[in-house]
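Okay, structure first, notes after.
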Amino acid sequence: MTSTIQAGPAPTAWTSASQKYLTRLPALLGALVALLGLILAAGGAYLALLGGSLYYVLVGAMLLAAGYFMIKGRIAGFYTYVAAFAFTCVWAFWEVGLSGWQLIPRLVGPFVLLVLATLVTPLLDQMTGRRTRNWGLVGIAVFAAALAILIPIFSTSGSAPTATSTSRRFLCRFRVCAHER
Amino acid sequence: MPTKGDWSAYGGGQGAQRYSELTQITPANVRNLKRVWTFNTGDIPKKYGSELTPLKVGNVIYGCTPMNKLFALNATTGEKLWMYDPQVPISWVPYTAACRGVAFYSNPKATAGQACAERIIEGTLDMRLIAVDAKSGQPCQDFGQNGAADLKVGLAQKDSDTGTVTPVIPGTAAITSAPVIVQGVIVSGHQVLDGQRRWAASGVIRGYDAVTGELRFAWDINQPEVTKLPPEGKPYSMGTPNMWTTGAGDERLGLVYLPMGNSAGDYYTSLRSDEEKKYSSALVALDVKTGKPRWVFQTVHNDVWDYLGSQPTLIEFPTDSGKVPAILLPTKHGDMFVLDRATGKPLHQVDEVAVPQGGAEPGQRSPTQPFSRYHTLRKPDLVERDMWGISPIDQMICRINFNRARYDGPFTPPELGRRNIEYPGYNGGSDWGSVAVDPHRGVIIANYNDMPNYDVLVTRKEADEMGLFPAGDPRAAGSASSAEGAGAQTGTPYGILVNAGWQMPTGVLCTRPPYGGIRAIDLATGKTLWDRPFGSARRNGPFGMPTFIPLEIGTPNNGGPVVTAGGLIFIAAATDDLIKAIDIKTGEILWSDVLPAGGQATPIVYEQDGKEYVVIMAGGHHFMMTPPGDALIAYALPDTK
């Protein structure tokens, strides 16, 4: 899908070409987010109809909105995506807690899109976009670090001696680890 | 004769405990374990999956290759002493070219130095029992015809279109498991290729004289009057339940315990006789003198899920009135049963519980199924949030499919035109690798699979359109019909589509990991002592790509564990191509080594000249998608000087 969007008249000079592509990035990302939103909204509606989880149709609608705003070049696209991601986190932790393997399908893809959405914020808002991006990246780093520490400690996949988890052993020493079943 | 420190039968000894008394290798020193020898068999067929557990008797290792070449090795050095090739034609390779093991027999009437006084016996893919001299590898001239007994005799299948009965088609019946020898009688079952036709070759169980190779008995479920060969020109009754795995023997009681599988055409039961329904998915104690059942214990009534399959283990079971000679039976659907060895009565509570009804054959489903209150390897029922994937999109698709399929917990009947979820799938629970028992610590070690199958029945017309034809049908060339996936089941109204493990096109499974685990169970009470995911993610990822993540995600596994008095569990089995040593007390992995191929086999532990060895066959497995190999590898501690 990206190739059709990128197709255009061949640029004459490198700088103008790169600038041209750079300004198209939010729209490109917006198109991707909207497409994913469409798939999730349509499939999610069917899932809801079957009596399944409502998450997919709801987040699909949010992604459609986020994608639309991004294509339009509005910073609201970024904030809508952040809201969708926050919603996703709350839902994921509610469904599976801090089970590392189970969080993979729920968070990894949305997380990659969050990083991309944050990186393009200066192109969506020339006034405060850079600051938003920098704070956003700090937030992302803190989030990733928190999960990297918490998941090995509280992961619920198996009541096993997780010999690989050194952080767990460290924390258990201070009696703050989750109780093993 | 076998001594302490030997591995004299497939399961370690006749009791099949997969237990070694050896204590040299311990949790404290196991990290020093090194490879001491490797023997390459030179035999890697296309449908590879050696699955070999060798024997060690005296100073010699005995084993077989996937194409049934027998070999003997020096137990200290791994050097080949002899190799014997019974020339099995490639056309006889069934689902997998496997030779899980051989049997050792010492003729009590032989004079010293007589040829074949000690002999190695194997069943072959082309349905022969072969006996060779343990010393020379030469065929035993006193056994059958030139050292072989022909088990094809009396095996035939019926074409459901023409009604013609023809001699057994190569590849549709094969011996892949080690025979059991009780009171001088070799008892052999065989596998019948799954999913082909209702009137496939018989599952008849036969006993042969271990010295002469003469047929001593036949147990034909639908023709109890046939005690040896069927009447001239007639076959053993077709499509009856078979025993594709290994039994266990009780020399004192003269019984062989047979974990019987299902009638041919596993997913359709309306054409089964009452006798077949009595013995399918059941443990049968057969008297080796008469070939008649002494007792039967059924684990699944009118099984339509392709369950059962583990070798049972002889144990002394502690009860209020002292220790009772008992037999432990793990099953593919997870439940473990402990039965009185003499009577077949369970030594714990077994409840008949109401199970889902309906499906494609509503009148056929048993209203209840037995549930063991001793122990089950089965996990709680699946729920929608157990669906997995690599992204929210494939996870959503799996959730949609979960809701569209029929799933009412274990024993959900197959449906026509609508998927049903079979959980656990036919890979277990416990499969042919079975369990290990430490009789002194009173601990059962069980590795298990934790994956569903995603199945659906299709009409005959649909099956024909999909190109599902049984082996032997001229249209079957390049047919989609295979033992593990889609099956024609001709002779029944329906074909079957099986998505084993419920995989997506990405190769990722629809359900969350872990897909395999290992646990320790208290033998006396059936309580879980510890339980952990088993199998690392290093070789497993989307589209078959390795991830190199050294975390125990819990992978599919085939092959059993071994336990030692030294306090260790040795096991490979998982799809991570590792052999591991695990602390029996804690479940902690203390040591591992990367194998050159998949380790879908059960290791052995033996002693030679005061040194303890661990040996594993790294042969890989085609359907588990582990790399093929031909290496038998021995480990030991370095000499301390």
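Just so we're on the same page: letters track the sequence lines, and every chain starts at 1.
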Examine whether an atom of I390(B) lies under 4.5 Å from a heavy atom of chain A, and if so say whether it belongs to the side chain, the backbone or both; otherwise answer neither.
-> backbone
Contact part of W91(A) toward chain B, heavy-atom cut-off under 4.5 Å: side chain, backbone, both or neither?
-> side chain
Under a 4.0 Å N-O cut-off, is there an ion pair linking D577(B) with R539(B)?
-> yes
Options G51(A), G52(A), G109(A), ranked by heavy-atom pairs under 4.5 Å with chain B, top entry = G52(A)
Answer yes or no: is there an ion pair linking R419(B) with D455(B), defined by an N-O contact shorter than 4.0 Å?
-> no
With I571(B) as reference, evaluate N557(B), V562(B), I518(B), V563(B) under the side chain to side chain contact (heavy atoms under 4.5 Å, CB included) test and give the passing residue.
-> I518(B)
Test salt bridge (Lys or Arg N to Asp or Glu O under 4.0 Å) applied to K580(B) and E552(B), step by step = CA-CA 12 Å; K580(B) 295 166 191 154; E552(B) 293 284 305; 3.4 Å; yes
